[in-house]
Amino acid sequence: MEYRHSPVLLAEVLQQLKLQPGSIAVDCTLGGAGHARRIADSIAPTGTLVGIDQDDAALIAAADTLRLGQQIILLKGNFADLDRLLVEASIPYADAILFDLGVSSPQLDMPERGFSYHHDAPLDMRMDPEGGGPTAADVVDQYSQAQLTRVIREYGEERWASRIAAFIVAARGRRPIATTFELVQVIKDAIPASARRGGPHPARRTFQALRIEVNQEIEVLDGAIRAAVRWLAPGGRVAVIAYHSLEDRVIKTVFNELARGCTCPPDLPVCVCGRVPVLRIVTRKAIVPTADEIENNPRSRSAKLRVAEKV
Ligand SMILES: C[S@@+](CC[C@H](N)C(=O)[O-])C[C@H]1O[C@@H](n2cnc3c(N)ncnc32)[C@H](O)[C@@H]1O
């Protein structure tokens, strides 16, 4: 299968990263290399592009797409380990760093990856299947009812979270829930028929929640953004595209904290913490896709781009 992913907010990202020939750029979420290919063009012929992904399939496809004469370093890993990965890449600093969070279209569309409620497959959902971490089937099998409720409510924003969790616990007591379709059936049984009519697929929110939990997508963000900011050269920019309100909140919070500097209580007459701002927030309001982009690529609809510059 071809590794095809339409890059989201491409023109906006390229404009915001202020790339120049010779820039050192890091794409922490290479995916189908849609952004990376255009970044590589913008920094050619003397620039360096480091591309990171935790999914081997993405790296193999990117190696094909990015066959260029300039310096391109592709690394397999989780951006939670950004410091180690960039030391491995032997770059001194970065002028531009991009995070385009979440999953790629091919990951969602390859039935055997177990992300899709439209295809029957083992319930996996790991972006890095070789990493050995727990699968969605492990989460569904091992989490308590309270833990499942929390995950499905928080990460899926699913109003039927506690009923779905209760139905999962009852169903797994009869036999393990091992496949995507077995889980879809449990979710359909849990959501009243009247609530299932008309809306999106009833399993959409629960599948999203399990995917976020399996890949620890929210937990790794705060540390990764702080690491990225440390690697930026003065004037360098970090751009983050988030697709989930919780992700966007983490980005906003970290950016605001790093842009504020001083954390002393407001009633102290002088600063005693000594912290200085390390970031200038470029996008006070997040940049979102145009109606045209959403129509051409519905998966872009929840995207929010935030950009900050190292001072
Ligand atoms: C939305 S896609 C990126 C698409 C890419 N910008 C393009 O234009 O084709 C996200 C990619 O990031 C990867 N990814 C997500 N979280 C990651 C993490 N913590 N560490 C490394 N890669 C990650 C996924 O495997 C996926 O390939």
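Heavy-atom basis, side chains included; hydrogens, waters and symmetry copies ignored. Atoms within a ligand are numbered from 1 in the order they appear, just like the ligands themselves. Worth saying up front: this structure is predicted, and the values here are computed from it rather than measured.
Among all non-hydrogen protein atoms, the one lying nearest atom 12 (O) of ligand 1 is Thr29 CB, 3.2 Å. Counting only heavy atoms of the protein, atom 20 (N) of ligand 1 lies nearest to Phe79 N, 2.9 Å. Of all protein heavy atoms, the one lying nearest to atom 19 (N) of ligand 1 is Asn78 OD1, 2.9 Å. Protein heavy atom nearest atom 7 (C) of ligand 1, with residue, atom name and distance: Gly34 N, 3.4 Å. The protein non-hydrogen atom at the shortest distance from atom 22 (N) of ligand 1 is Gln54 N, 3.3 Å. For atom 5 (C) of ligand 1, the closest heavy atom belonging to the protein is Leu30 O, 3.3 Å.
If you number the atoms of ligand 1 from 1 as listed, the ones under 4.0 Å from a heavy atom of Pro7 come out as 8 (O). Near Ala33, with a cut-off below 4.0 Å to any heavy atom, the atoms of ligand 1 are 7 (C), 9 (O). Near Gly32, meaning under 4.0 Å from any of its heavy atoms, are these atoms of ligand 1: 7 (C), 9 (O). Every atom of ligand 1 with a heavy atom of Val103 under 4.0 Å away is listed here by number and element: 1 (C), 2 (S). Interface of Leu101 with ligand 1, defined as ligand atoms under 4.0 Å from a residue heavy atom, comprises 1 (C). Applying the 4.0 Å criterion to heavy atoms of Asp55 picks out, from ligand 1, the atoms 25 (O).
A heavy-atom separation below 4.0 Å is found between Gly77 and ligand 1. Residue Gln216 places no heavy atom under 4.0 Å from ligand 1.
Distance alone, capped at 3.5 Å, places no donor-acceptor pair between the Thr283 side chain and the Ala286 backbone. For the pair Gln147 (side chain) and Ser144 (backbone), a donor-acceptor distance under 3.5 Å is present. Between the side chain of Arg306 and the main chain of Ala239, no donor-acceptor pair closer than 3.5 Å is present.
For Ala224, no heavy-atom contact with ligand 1 is shorter than 4.0 Å. Contacts between Met127 and ligand 1 below 4.0 angstrom, taking non-hydrogen atoms only, involve the side chain exclusively. At a heavy-atom cutoff of 4.0 Å, ligand 1 is contacted by no atom of Glu217, backbone or side chain. No part of Asp27 comes within 4.0 Å of ligand 1, judged by heavy-atom distances.
In the model, His5 has no side-chain atom that pairs as donor or acceptor with a side-chain atom of Gln107 under 3.5 Å. Inspection of the Tyr155 and Glu217 side chains reveals no N or O donor paired with an N or O acceptor under 3.5 Å.
In the hydrophobic clustering of this structure, Leu19 does not group with Val229; members are Ile, Leu, Val, Met, Phe, Trp, Tyr whose side-chain heavy atoms approach within less than 4.5 Å, directly or through other members. Val26 and Leu17 fall into different hydrophobic clusters, where Ile, Leu, Val, Met, Phe, Trp and Tyr are joined by side-chain heavy atoms under 4.5 Å apart, directly or via other members. Under the 4.5 Å side-chain heavy-atom criterion for grouping Ile, Leu, Val, Met, Phe, Trp and Tyr, Ile218 is connected to Val254 within one hydrophobic cluster. No continuous path of ILVMFWY side-chain contacts below 4.5 Å connects Leu101 to Val13, so the two sit in separate hydrophobic clusters.
In terms of polar-atom proximity, Ser104 is not counted as a contact of ligand 1, lacking any N or O under 3.5 Å from an N or O of the ligand.
The number of heavy-atom neighbours closer than 6.0 Å to CZ of Arg196, taken from other residues, nucleotides and ligands shown, is above 12. Within a 6.0 Å radius of NZ in Lys310, more than 12 heavy atoms belonging to other residues, nucleotides or ligands are found.
Between atom 10 (C) of ligand 1 and the options Gly31, Gly102, Ser6, the minimum heavy-atom separation is to Gly102. Heavy-atom proximity to atom 6 (N) of ligand 1, evaluated over Asp100, Ile241, Thr65, Asp53, is greatest for Asp100.
Using a 4.0 Å cut-off between a side-chain N of Lys or Arg and a carboxylate O of Asp or Glu, Arg37 and Asp41 do not qualify as a salt bridge.
Shown are Arg280, Glu12, Arg237; of these, the side-chain contact (heavy atoms from CB on, under 4.5 Å) with Val307 is made only by Arg237.
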